[in-house]
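Heads up: the structure comes next, in structure tokens.
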Amino acid sequence: MKSWFIMMGGLVLWAVHFFLLYLLAEFGGSGPGIRLAASLFTLVILGGVAWMFVAVRHKTSGDPFARWRRRAAMLALAFGGLGIVFQYLPILLVDR
Amino acid sequence: MRSETGFDPALYERFPTRHERPKEEEEDLRRIWCKPKGWEYLLAVNNNYIGIYYLGTAFLFFLMAGVLALLMRAQLAAPMLEILPQGTYNQVFTMHGTVMMFLFAVPAVEAAGVLLLPQMLAARDLPFPRLSAYAFWAYAVGGLCFFASIFVGLAPDGGWFMYPPLTSKAYSPGINTDFWLLGIGFIEISAIAGAIEIIVGVLRTRAPGMRLDRMPIFAWAMLVFAVMIVIAFPSIILGTLLLEIERAFGWPFFDATRGGDPLLWQHLFWFFGHPEVYIIFLPAAGMMSMIVATVAGERLVGYRLIVLAMIATGFISFGVWAHHMFTTGMPPMTTGFFSAASMAVSVPAGIQVFSWIATLAIGKPKFNAPGLFVMGSIVIFVTGGLTGVMIAMVPFDWQAHDSYFIVAHLHYVLIGGMVFPLFAAFYYWIPMVSKRALSERLAKWVFGLMFLGMNVAFLPMHLAGLQGMPRRVYTYLPGQGFELPNLISTVGAFMLGLGVLLFLVDLARNFRLAPGEGNAGNVYGGGTLEWLPSELYSTRSIPVVTSREPLWDDPALAHEVEKGRYFLPRSATGRRETIVTSPLLAEPQYLQIMPGPSPWPFAAAIFTAGFFLALTVQAYMFAWVSGVLAVISVLRWLWETDRPVEIEGVDIGADIRVPTYVTGPASHGWWAMVILLVVMGMIFLMALFSLAFLSSNQPGFWRPPPPLGEAISILGLYAVAIGLALTARACLRRSPFWSVFALLLSAAVSSAALGMDYVSWSSSELGPTASGQGAVVYALLALQACAAAIAILMALYCAARAVRGLVPQPRNNSIDLTMLFLVYTAAQGVTGALVSRLVGAGG
Amino acid sequence: MTERTLPSEGWPPAVLDPAGPYSEPVTLLAWVLLAGGTVILAIVLGALWIALRGSPRLKTRLGGEKAIWILGFAFPSVVLTGLLVWGLMLTSSLSAARVPEGAMRVKVIGEIWWWRVHYQDGQGRETLRDANELHIPIGQPVLLELEAADVIHSFWVPRLGGKMDMIPGRTNRLLIEADAPGIYKGQCAEYCGGPHALMGFVVVAHTPADFARWQASRLPSQGAGGEGLALFLSSGCAACHTIRGTPARGLAGPDLTHVGSRRTLGAGILPNNPGTMAGWVADSQAIKPANRMPAYHQFSGEELQALTAYLVSLK
């Protein structure tokens, strides 16, 4: 499980972020309170991405699979990070 | 991580072994994995047979749905034609979409997985051969009967998306819609069965040493595919179930006049429906990646990028479902989320495309048949991808949605992303199963006609859409400028059809199927394990994998494998078997003994299909008999499995010994059960979402649920049930009878808790037909009743096994799996009892 | 009349030929997307060409992970971010979540397979009932309240704005506006069974003065109905149709008070003249199979003529 989480961490964070934002909007609407909550949550998630990035980057274990897993993790963080930023734009730009 | 399971990788150094293997070993293998004779072909479970049956049937559906498409194009060639009457046309377009998506695309890629994966992973078979056989037969029999409905005018006519209220009893009183709902039922079953098979197969039956980072891309693709099925299909399973219940019993899930909501269906449908597109695309992309490397004669550039791109696609595709609903009046901010995810999901697709181009660039690409289809696919798919970005933009989609622009887009994506790769795959892999390869000369014509025909047919549809031509129209009025684009489209469609026809001619001339009697061999020079010499038992021995293209890196490998110098050069127990390896590093863990041919999966499939079809035509008596027989057949097929093994540990080559029977989380059965529980959990989760969705969209119909306090005793009972189930596993060490007794008791307690829950709701005067709330609450109870019934059945099955002395101590897989199911059942019951009382409790 | 031309005949395509402020920005977006898409397709084709036939130097450049990162990740990310921002801002400004001051209000209800139109005043009170034709003044935004009586339909006039679904149990809102007088073709865009293909309508945009004249002319039927009206009342027509000013009060079908002045018959599918009117009454099932109006084969030639003459006179 640990290996999978390292490899897909960025995407798992994207999923958590996406579904929470969707559920907030579906059941909470688009008022200022919801937007604030979504913004704070986005910050936390982006913090998570940054933390994972640092943690994965600084690991130096040597065997080939672990190395591959780490580089895969960086990619997942890139995809996930981009997705999370995209996901946040509607909160900023769409007024209802 | 040097080792995952404690296995010493240094042991791999012992291979290839030096000694000559005895001749009898090979004869034994041939005898054990023998060819079926006569009617035994129906009972075959080996992937070499099931894979071919599966693929052939899927292709048959492709052809039939293609003929439907040509009928539609004929009707639309000019305005106000009357080739197909309105009602027939509506059935034809519904069937075209449904058959292409459900009966061709998903089964075709699943079939490719069944056929190719064991060879690529050098396993002797997939881990649950009988499940494969069952999945295939249920699909084939059910699918063909379903298709036949068009010949008697009973085919569904509500569109492949089946939006209520058009498909509700009020507006579709005939049984056409029921054909769709129940027809899709067994396709769902076979998809889930296939997904379980593929996940466990890819993660647990790889050749030793085939670490995740050495796995063929196709296996990665199939892994992501199967996981996506497990997450996405439950939504449509629930949706079809609810709609059928609404039609049959009047529970108003989607009826806005009674507290339901038609939009709930759209959410349930598209939460499945859009991932479905990627479910189809990813395996095809995996094939592309394999073929591109061979066509270029070079290793794939960006292997890691492609793997992660596929995983990212798998994730993000679950955030795009509502882009089919931009015009439903969703709040603008919410549409923004789905627009953003729809944009994000195109990034991984771009990565894959440029990886393929990069691979072609470093190699010396050959313009052979697979090469042509690969290149054509890239062009078509990119075009469809770009129009995909266009319609991901909400304001543009307001115009394009439900117009012919979308028809053009989706055909570019699906033909470029799935059909062309599949044809490339046909040309590429047919030499693996046929004695002769297909004709390269004819292939150029097939490709030319299909490529040109495809573009001529679908490019003008973009224009028709922008001119304002809506989708799903059986005709159009003259004078709107639709005539010319439609006529051109029709010409193109027939060109495409001609290309496919030519392919059939080629198949008839050159395709000579004979599993186990030799094949055309590695004509394109692929580097992965499916090109090892193989027979019905797969390869003579199972190689140690040290790279991604073992055949390119070790030219002697094929010879050594055939000489039996690697793992498992014989049948160690005299039965069908394969090596189960660890999920990350593929270290050998144990020897799985596999079931052989049996009439029972076939019987179970026939009765399952019979059950659904009889329900559709309202032959209830026949349906119940058939259903019971299906259950009996499944139990009968299981009865022969999970038997005590006399030999405890065996030598799988070079004195490496592994056990033959493993229980607990390491066993392949445990994995399959956990995946099944994820499926059930997702179904339940979607039902809970339905409840919350209705409470927020139809608050006027909401009644306060029974007080939470009433749930306390229910929770208590479920907790007892969980405790009993866990005890059952622990006390098997003492006695099988105590263990079975605990299982039975746990099932009984769970049922009692459900009974209390039911009484609590029924005394609250909220009936299932009263409102959307009532309908969903009773649907939750019904789902729980299903789980409880299966739990009882499983406990009784274990009891029967115990009586017959088939439950060896101290650990037994049948007991373990029943325990897992019972724990799940109680956990689901607790969740349902709590959430149904919490949703809308405040208001 | 103030009508300019016949509905666009497919060229330029309606979506690319906007006629109001709610469709124009989308047309610009569409052109940018089409052009951008073509350029990107050309880039991909160029790259594929280089990979297959290019010089070794170019091939080496293309054949590495760096090229994949640039072409497959960095470039799309930048382009998509730009597009997403534009798309979101446009979504925000075009959506009917914010209604401009002074918008005219009309409720349109989708039925199988025609449109009920209820004009409203500023307070949302119903002022006039009509069917299958929507009259609007130019230069004034129109807020449509879209509902469905039976199954899901979708309201779409490509030259005036995007489409919006009409869903049972909900009221969706859509803004449209026309810049110039004229007739704009509309069509149901959501598959609604049976003759969904033949569920059209027209929007007629007038200058404000003409619009006022049109409004003033919407009076109850005054004319002596004679034999035509008698037939209408005795043959069952009145069970489904209303003609204000007469005893005909049916609600199931379109209001026919001004049917003679409509541009089309059968919900946007036939031109309106005595010939088509007679044909529709006698056998609408042959023209629009499965529609809810039965064929009236029982009328004799003279009866049909009288009935038609009466209906055509309902201006």
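The structure displayed is predicted, hence computed values, not measured ones. Every chain is numbered from 1 and lettered A, B, ... according to where its sequence line falls, protein lines coming before strand lines.
- Of the listed residues (B:N697, B:V345, B:I311, B:T335), the greatest number of heavy-atom pairs within a distance under 4.5 Å of chain A belongs to B:I311.
- Interface remark: B:L305 contributes backbone and side-chain atoms alike to the contact with chain A (heavy atom separation under 4.5 Å).
- Looking at A:A15, only its side chain comes within 4.5 Å of chain B, counting heavy atoms on both sides.
- Between chain B and the options A:F86, A:W68, A:F79, heavy-atom pairs under 4.5 Å are most frequent for A:W68.
- With a 4.5 angstrom heavy-atom cutoff, A:Y22 touches chain B via backbone and side-chain atoms both.
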Give the C-alpha distance, both sets of side-chain angles, the deciding distance and a yes or no for side-chain hydrogen bond (donor to acceptor under 3.5 Å, both in side chains) between B:T581 and B:R206.
CA-CA 6 Å; B:T581 50; B:R206 302 201 299 273; 5.7 Å; no
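- Heavy atoms of A:L89 lying under 4.5 Å from chain B are absent altogether.
- Under the 30°/60° scheme for interplanar angles, the aromatic rings of B:Y12 and B:F7 are found to be tilted.
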Walk me through whether A:M7 and A:W4 qualify under side-chain contact (heavy atoms from CB on, under 4.5 Å).
CA-CA 5 Å; A:M7 267 173 60; A:W4 293 105; 4.3 Å; yes
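- Contact tally against chain B (heavy-atom pairs below 4.5 Å) for A:A72, A:S30, A:G83: the top residue is A:A72.
- Heavy atoms closer than 4.5 Å to chain B are found in the side chain of A:R35, but not in its backbone.
- Of the two parts of A:L24, neither the backbone nor the side chain holds a non-hydrogen atom closer than 4.5 Å to a non-hydrogen atom of chain B.
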Could you please spell out the steps behind the side-chain contact (heavy atoms from CB on, under 4.5 Å) verdict for A:I6 and A:R70?
CA-CA 7 Å; A:I6 294 174; A:R70 224 168 38 234; 5.6 Å; no
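- Neither the backbone nor the side chain of B:A322 comes within contact range of chain A, judged by heavy atoms closer than 4.5 Å.
- Salt-bridge check for B:D213 with A:R67: failed, with every basic side-chain N at 4.0 Å or more from each acidic carboxylate O.
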Decide yes or no on side-chain hydrogen bond (donor to acceptor under 3.5 Å, both in side chains) for B:S317 and B:H274, but give the supporting numbers first.
CA-CA 7 Å; B:S317 68; B:H274 204 88; over 6 Å; no
side-chain hydrogen bond (donor to acceptor under 3.5 Å, both in side chains) between B:E587 and B:T5, intermediate numbers included:
CA-CA 7 Å; B:E587 294 161 356; B:T5 60; 2.6 Å; yes
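- In terms of heavy-atom pairs under 4.5 Å with chain A, the best-connected choice from B:L212, B:T334, B:V307, B:V347 is B:L212.
- Closest approach of B:R214 to B:V545, counting heavy atoms only: NH1-O, 3.1 Å.
- With a 4.5 angstrom heavy-atom cutoff, B:R304 touches chain A via backbone and side-chain atoms both.
- Contact count against chain A (heavy-atom pairs under 4.5 Å) is highest for B:G319 among B:G314, B:G319, B:S696, B:A344.
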Verdict with supporting geometry, A:Y88 and A:S39, side-chain hydrogen bond (donor to acceptor under 3.5 Å, both in side chains):
CA-CA 8 Å; A:Y88 180 62; A:S39 306; 2.8 Å; yes
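- Among A:P90, A:G80, A:G29, A:A25, the residue with the largest count of heavy-atom pairs under 4.5 Å with chain B is A:P90.
- Put simply, of A:L93, A:V85, A:L82, A:V12, the one with the most heavy-atom pairs under 4.5 Å next to chain B is A:V12.
- The two residues B:M682 and B:V230 make their nearest non-hydrogen contact at CG-O, 4.1 Å.
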